[in-house]
Each structure stands twice: as C-alpha cells, then as structure tokens.
Amino acid sequence: MRRRLKRSFYARPTLIATRDLLGKYLVRKIGGELRAGKIVETEAYIGPLDRASHAYGGKVTPRNRAEYLVGGHVYIYLVYGMYWQLNISTSRPGRPECVLLRALEPVSGDPRLANGPGKLCRWMKLDGSLYGEDVTRSSRVWVEDRGVRVNPKAIVAAPRIGIDYAGPTWARKRWRFYLRGNPAVSKS
DNA sequence: GTACAGATTGAG
DNA sequence: TCAATCTGTACT
C-alpha cells in the first residue's frame with residue numbers, strides 16, 4: 001500500500017499533522033531513481049505567535065512566504081550559509097504554520113544518512129529549486145503512507161532544537177516529535 | 001552600505 | 001569547542 005498524502009492531511013492543525021507525519025515516507029525522484037525514507041523526527045512551527053517561527057509577529061519576507069500557503073507546500077531555506085532545511089506548510093491559507101522534517105530512516109542503507117535536517121536535504125538532494133512545490137501534486141517530492149502503524153506510546157514529545165534565542169516560553173514547548181529508540185533520530 | 005547571527009554539521 | 005559559509009534583516 002502506497003498512498004500519497006492529500007491536501008486534507010496537511011490542511012489540519014499543525015501539531016496533529018506534525019505528529020502524524022511520523023512513520024510516513026518522504027519520497028524524492030532524482031533522475032530516474034526514487035529515493036525514500038521513513039520520517040522519524042519532526043518539529044512544529046506555529047507563527048505568528050511562536051517566537052521561534054520565521055513568521056513571528058506575522059512577518060512576511062521573500063524567504064518565508066511559502067509558510068503562508070495552504071498545507072502541503074514546500075518551505076525550504078538555507079541556514080548557516082550551507083544547510084537546507086525542508087519544511088512543509090500546514091493549516092489553512094494565510095496561516096504561517098509548518099512542519100520541519102528533521103530526520104529520515106532510509107529504506108535501505110546507513111541510518112545516519114539523514115539523521116538531521118541538513119543531512120536530510122543533502123541526502124534527498126533538496127534545495128531552493130523545490131521552493132513552493134506542492135507535495136500533493138509534485139512529481140519531484142511527496143509523502144506516502146505505506147501502511148506503517150506507529151504506536152502512539154513510541155512517540156516522544158520534546159523541546160525543539162536550536163531555538164534558545166526565542167526565549168524559554170517557546171524553547172520549552174514540546175513541539176518536537178520523534179520515534180523512541182529509532183537509530184535515525186538526530187543526536188542533539 | 002555595513003554588521004550580525006542563525007530551525008547545523010563534523011572535525012579537533 | 002569551534003569554524004564553515006551566506007542570506008535575510010536591522011540599522012546607519
């Protein structure tokens with residue numbers, strides 16, 4: 001069973017979609033090859049209230065405008081001058097909310113190939129050329145339900161990574177979700 | 001125009 | 001512990 005996730009999956013409250021992405025498969029077409037990995041770690045960003053969000057305060061910039069699209073669009077950007085970060089927009093049009101995909105467990109091969117958001121994009125060959133892509137229609141990148149059942153008790157909710165600048169109120173929120181014990185979850 | 005820091009990573 | 005590397009953003 002391989003079913004591409006539809007608009008209705010993403011156009012939901014962000015925390016629900018963020019959790020439900022665990023166990024789904026990110027699929028990327030690279031030339032003639034299909035590369036896939038199970039999503040094992042995600043984070044939610046919920047602007048404009050979320051101080052850690054690029055859309056905090058309702059800010060709109062050339063970089064973050066894809067966050068405002070209806071759920072299912074790619075928001076991808078470069079951090080630290082060298083690492084791409086793959087996000088998928090969530091919720092309704094006009095709401096700057098998204099899910100950051102932080103780690104994948106490759107279908108085959110070394111589980112450390114995509115155990116972090118920067119490495120995930122490197123392995124999947126994702127960059128700015130995917131900006132704004134609609135993953136419910138794209139032939140370049142999408143997400144599939146392959147019938148994997150995730151035990152809710154195996155899902156850990158933890159504070160998000162690398163956003164201490166947002167202050168304790170937002171840094172403490174347990175909006176990072178991962179599969180307990182999975183070898184592909186990022187280190188920090 | 002200039003300064004500065006970041007949703008990271010891997011080496012030392 | 002720290003540098004790599006560069007764009008968005010704020011401020012002069």
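Here is the naming used below: chain letters follow the sequence lines, and residue numbers restart at 1 for every chain.
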*Asks:* What I want to find out is whether A:D134 reaches A:R7 closely enough, with some N-O distance under 4.0 Å, to be called a salt bridge.
*Replies:*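 Yes.
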
*Asks:* Taking the P atom in each of C:dT12 and B:dA5, what is the distance between them to the nearest angstrom?
*Replies:*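 Comparing P positions in C:dT12 and B:dA5 gives a spacing of 15 Å.
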
*Asks:* Give, ordered by number, those residues of residues 65-100 of chain A having at least one heavy-atom distance below 4.0 Å to an atom of DNA chain C; if nothing qualifies, reply none.
*Replies:*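 Those residues are A:Y80, A:G81, A:M82.
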
*Asks:* I need the residues from residues 164-181 of chain A with at least one non-hydrogen atom less than 4.0 Å from DNA chain C; give them sorted by number, or say none.
*Replies:*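 None - not one residue of the stretch has a heavy atom sitting under 4.0 Å from the strand.
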
*Asks:* Just the atom pairs and distances: protein N or O near nucleotides 10-12 of chain C's N or O, under 3.5 Å.
*Replies:*
none

*Asks:* Please set out all donor-acceptor pairs under 3.5 angstrom arising from side-chain atoms of residues 72-79 of chain A, sequence neighbours excluded.
*Replies:*
from	atom 1	to	atom 2	distance (Å)
A:H73	ND1	A:V70	O	2.9
A:Y75	OH	A:H54	ND1	2.6

*Asks:* Under the side chain to side chain donor-acceptor pair (under 3.5 Å) test, which residues partner A:N87, sequence neighbours left out?
*Replies:*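 If we apply the side chain to side chain donor-acceptor pair (under 3.5 Å) test to A:N87, skipping adjacent residues, there are no hits.
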
*Asks:* Using a heavy-atom cut-off of 4.0 Å to chain A, what are the terminal contacting nucleotides of DNA chain B, in 5' to 3' order?
*Replies:*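 Footprint of chain A along DNA chain B, 5' to 3': B:dG6 to B:dG10.
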
*Asks:* Considering only atom P, compute the distance from C:dT5 to B:dT2 and round it to an integer number of Å.
*Replies:*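 22 Å, rounded to whole Å.
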
*Asks:* Transitive ILVMFWY cluster of A:I163 at side-chain heavy atoms under 4.5 Å: who else is in it?
*Replies:*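 A:Y45, A:L100, A:Y165, listed by chain and number.
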
*Asks:* Looking at DNA chain C, which of residues 105-125 of chain A put a heavy atom within less than 4.0 Å of it?
*Replies:*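 Those residues: none at all.
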
*Asks:* Looking only at atom P, what distance separates C:dA10 and B:dA7, rounded to whole Å?
*Replies:*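 These two P atoms come out 14 Å apart once rounded.
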
*Asks:* For A:R4, check side chain to side chain donor-acceptor pair (under 3.5 Å) against everything at least two apart and list the hits.
*Replies:*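 Here no residue qualifies.
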
*Asks:* Please tabulate, for the side chains in residues 116-124 of chain A, all donor-acceptor contacts under 3.5 angstrom to protein atoms that are two or more places apart in sequence or on a different chain.
*Replies:*
from	atom 1	to	atom 2	distance (Å)
A:K119	NZ	A:R112	O	2.8
A:K119	NZ	A:N115	OD1	2.7

*Asks:* Should the pair A:R12 and A:F9 be classed as cation-pi, given the thresholds of under 6.0 Å to the six-membered ring centre and 45° from the axis?
*Replies:*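 Yes, cation above the ring, under 6.0 Å and within 45°.
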
*Asks:* Where each pair must be Watson-Crick or G-U wobble with both distances under 3.5 Å, what dot-bracket representation of DNA chain B is obtained, with crossing pairs in [ ] and other-strand partners as |?
*Replies:* ||||||.||||.

*Asks:* List in chain and number order the residues that pass side-chain contact (heavy atoms from CB on, under 4.5 Å) with A:V150, two or more places apart in sequence or in another chain; answer none if no residue qualifies.
*Replies:*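 Partners of A:V150 under the side-chain contact (heavy atoms from CB on, under 4.5 Å) test: A:I155, A:L179.
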
